Undergrad: 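Quick one: this structure, given as structure tokens, is what I'll be asking you about.
Worth saying up front: this structure is predicted, and the values here are computed from it rather than measured. Quick note: residue numbers are just sequence positions, from 1.
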Amino acid sequence: MQLEDLAMGCAPKHERRALDKEIRAARTDLAKLEREFGAAAANNAEQRRPTRRGFKIAHNRLGKQSRKARARVSRLFDERRNVPKRIEVRELNQGTVIKLATERKHLTDIIKMVAYQAESDLIALMRPNYARVDQVGRTLLHELFATAGDIRASASELNLTLAPLSSPHRTHAAQALCEILDKTATIFPGSLLRIHFALRPPRRIGLAFPSSPVERSTPAVAAAPP
């Protein structure tokens with residue numbers, strides 16, 4: 001259940017939804033009756049019922065149905081108006097409402113701020129190698145955080161090799177970022193292993209041949225005649 005559902009309350013939300021459905025049906029019925037009443041008025045022969053009173057008497061049943069439908073629509077609107085859009089959480093639960101401790105909330109806010117600041121620092125490191133860093137820098141980082149990779153541990157290093165990103169220019173920017181981070185010689189927490197960052201280069205395979213574009217673009221040297 002989302003926080004919005006908790007704030008609004010399931011019962012009032014479902015009750016308003018049911019009333020909305022009834023109102024739509026009632027207004028449809030009313031519109032149908034009004035069209036019939038209007039058609040009857042348009043087809044009324046003046047020589048037969050020249051007065052308005054005569055027309056009402058002739059179409060008494062249709063008039064009653066229209067008034068009844070109009071009253072139903074008005075009643076449903078009044079009912080919906082009395083249904084609260086939002087109720088307090090304590091009204092949904094008879095037990096004690098559990099609030100997040102102030103200290104825990106402060107700790108959560110601090111973690112969020114530190115994570116956001118770390119992300120901002122990474123964006124600053126990417127700026128020289130990525131022209132659109134101010135527009136889509138965070139999107140690139142989120143893709144980098146979620147990308148697959150390989151982890152290999154040795155006696156002194158922890159090697160992290162990530163897969164290429166969705167486009168060559170993003171892969172180039174991520175590779176430059178990995179090189180910058182690799183120079184910091186960061187130690188993995190709780191160990192003596194130095195973290196080595198790297199990005200796996202994209203495969204250079206053409207559409208028709210398995211060789212690389214560089215290999216295909218190299219002109220063949222004709223053999224000298226014997």
Undergrad: Please report the interatomic distance CG(N129) to NE2(H172), rounded to the nearest 0.5 Å.
TA: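 NE2 of H172 is found 5.5 Å from CG of N129.
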Undergrad: Determine which pairs satisfy side chain to side chain donor-acceptor pair (under 3.5 Å) with at least one residue from residues 148-158, sequence neighbours left out, and list them in order.
TA: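 Listed once each, the pairs are D150-R200.
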Undergrad: Looking at side-chain heavy atoms only, is the closest gap between R81 and D78 below 4.5 Å?
TA: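 R81 vs D78: side chains touch.
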Undergrad: At their closest point, which heavy atom of L199 faces which heavy atom of A163, and how far apart are they?
TA: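 Shortest heavy-atom contact: CD1-O, 3.5 Å.
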Undergrad: Quick one: CD1 on I187 to CG on L193, what's the gap to the nearest 0.5 Å?
TA: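 One finds 8.0 Å between CD1 of I187 and CG of L193.
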Undergrad: Nearest 0.5 Å, what's the CZ-CD distance between R75 and E22?
TA: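 If we round to the nearest 0.5 Å, R75:CZ and E22:CD are 7.5 Å apart.
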Undergrad: Only pairs under 3.5 Å count here: list side-chain donor-acceptor contacts from residues 176-185, not counting sequence neighbours, and write none if there are none.
TA:
| residue | atom | partner | partner atom | Å |
| --- | --- | --- | --- | --- |
| E179 | OE2 | Q175 | NE2 | 3.4 |
| D182 | OD1 | H196 | ND1 | 2.8 |
| D182 | OD1 | F197 | N | 3.2 |
| D182 | OD2 | H196 | ND1 | 3.1 |
| T184 | OG1 | L181 | O | 2.5 |
| T184 | OG1 | T186 | OG1 | 2.8 |

Undergrad: Does the distance from a Lys or Arg side-chain N to an Asp or Glu carboxylate O, for D109 and K105, drop under 4.0 Å?
TA: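 Answer for the salt bridge query: yes.
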Undergrad: Mind listing the closest non-hydrogen atom pair of E79 and L19 along with its distance?
TA: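 In this case the closest contact between E79 and L19 is OE1-CD2, 3.5 Å.
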Undergrad: Under 3.5 Å, side-chain donor or acceptor atoms of residues 136-149 against the rest of the protein: list the pairs with distances, not counting sequence neighbours.
TA:
| residue | atom | partner | partner atom | Å |
| --- | --- | --- | --- | --- |
| R138 | NH1 | E119 | OE2 | 2.6 |
| R138 | NH2 | Y116 | OH | 3.1 |
| R138 | NH2 | S120 | OG | 2.9 |
| H142 | ND1 | R138 | O | 3.4 |
| H142 | NE2 | E119 | OE1 | 3.1 |
| E143 | OE1 | S166 | OG | 3.3 |
| E143 | OE1 | R170 | NH1 | 2.6 |
| E143 | OE2 | S166 | N | 2.8 |
| E143 | OE2 | S166 | OG | 3.0 |

Undergrad: List the atom of S66, the atom of L30, and the distance in Å for their closest heavy-atom pair.
TA: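 Minimum heavy-atom contact is O-CD1, 3.7 Å.
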Undergrad: Measuring from atom CE of M113 to atom OG1 of T108, what distance do you get when rounded to the nearest 0.5 angstrom?
TA: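 So the gap between those two atoms works out to 10.5 Å.
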Undergrad: Does CZ in F188 sit with more than 12 non-hydrogen atoms of other residues, nucleotides or ligands closer than 6.0 Å?
TA: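 Counting neighbours around CZ of F188, 12 or fewer heavy atoms of other residues, nucleotides or ligands fall under 6.0 Å, so no.
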Undergrad: So how far is it from K112 NZ to L107 CG, rounded to the nearest 0.5 Å?
TA: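 Those atoms lie 11.0 Å apart.
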Undergrad: Kindly compute the distance separating CZ (R72) from CD1 (I23), expressed to the nearest 0.5 Å.
TA: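 CD1 of I23 is found 10.0 Å from CZ of R72.
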Undergrad: Would you say L192 and I195 are hydrophobically clustered, going by side-chain heavy atoms of ILVMFWY under 4.5 Å?
TA: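 As far as the 4.5 Å side-chain criterion goes, I195 and L192 are not connected within one cluster.
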